[in-house]
Amino acid sequence: AAQREANALGGGDDALRTLALAVKPLTAVPDAAVLADEASFEQIESGLMLVGFVGLRDPVRPQVPPAIAKCKSAGVRVIVITGDEAATAIAVCKRAGIIQTK
């Protein structure tokens with residue numbers, strides 16, 4: 001069920017970045033040395049209770065669409081290289097004016 005909810009948040013034309021939020025009851029706050037030690041990550045990150053999901057949209061800076069339009073009018077082909085998921089990259093490119101929506 002949690003995976004289905006995460007997929008619903010990140011799907012569609014919005015292509016939101018999805019974060020899972022969780023809590024863990026603690027009897028004491030671990031000190032900085034324990035938190036910095038990679039060997040303790042598994043213990044710290046276990047026993048979490050899922051609280052919910054948050055969807056974040058990476059906004060396109062306001063100056064980007066006009067800059068893309070200038071490039072296109074000058075005959076410059078804009079190419080995007082990203083590590084994002086395809087749906088996220090397509091959504092951002094549409095908002096930036098790199099891909100025309102019909």
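For the residue pair Ile44 and Lys24, the shortest heavy atom distance occurs at O-NZ, 3.1 Å. Here the closest non-hydrogen pair linking Val60 and Val92 is CG2-O, 4.0 Å.
Remark: Pro30 pairs with Leu26, Val34, Leu35 by the side chain to side chain contact (heavy atoms under 4.5 Å, CB included) rule, at least two apart or across chains.
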Sequence neighbours excluded and cut-off under 3.5 Å, please list the side-chain donor-acceptor pairs for residues 45-53, or say none.
unit_1	atom_1	unit_2	atom_2	d
Ser46	OG	Glu42	O	3.3
Ser46	OG	Gln43	O	3.0

Show me the donor-acceptor pairs, under 3.5 Å and distance only, between side chains in residues 68-80 and residues at least two apart or in other chains.
unit_1	atom_1	unit_2	atom_2	d
Lys72	NZ	Gly97	O	2.7
Lys72	NZ	Ile98	O	3.1
Ser73	OG	Ala69	O	3.4
Ser73	OG	Lys70	O	3.0

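A distance of 4.5 Å separates OG in Ser40 from CG in Asp37, rounded to the nearest 0.5 Å. Rounding to the nearest 0.5 angstrom, the gap separating the OG1 atom in Thr88 from the CZ atom in Arg57 is 11.5 Å. Atom CG in Leu56 sits 9.0 Å away from atom CZ in Arg17 (nearest 0.5 Å).
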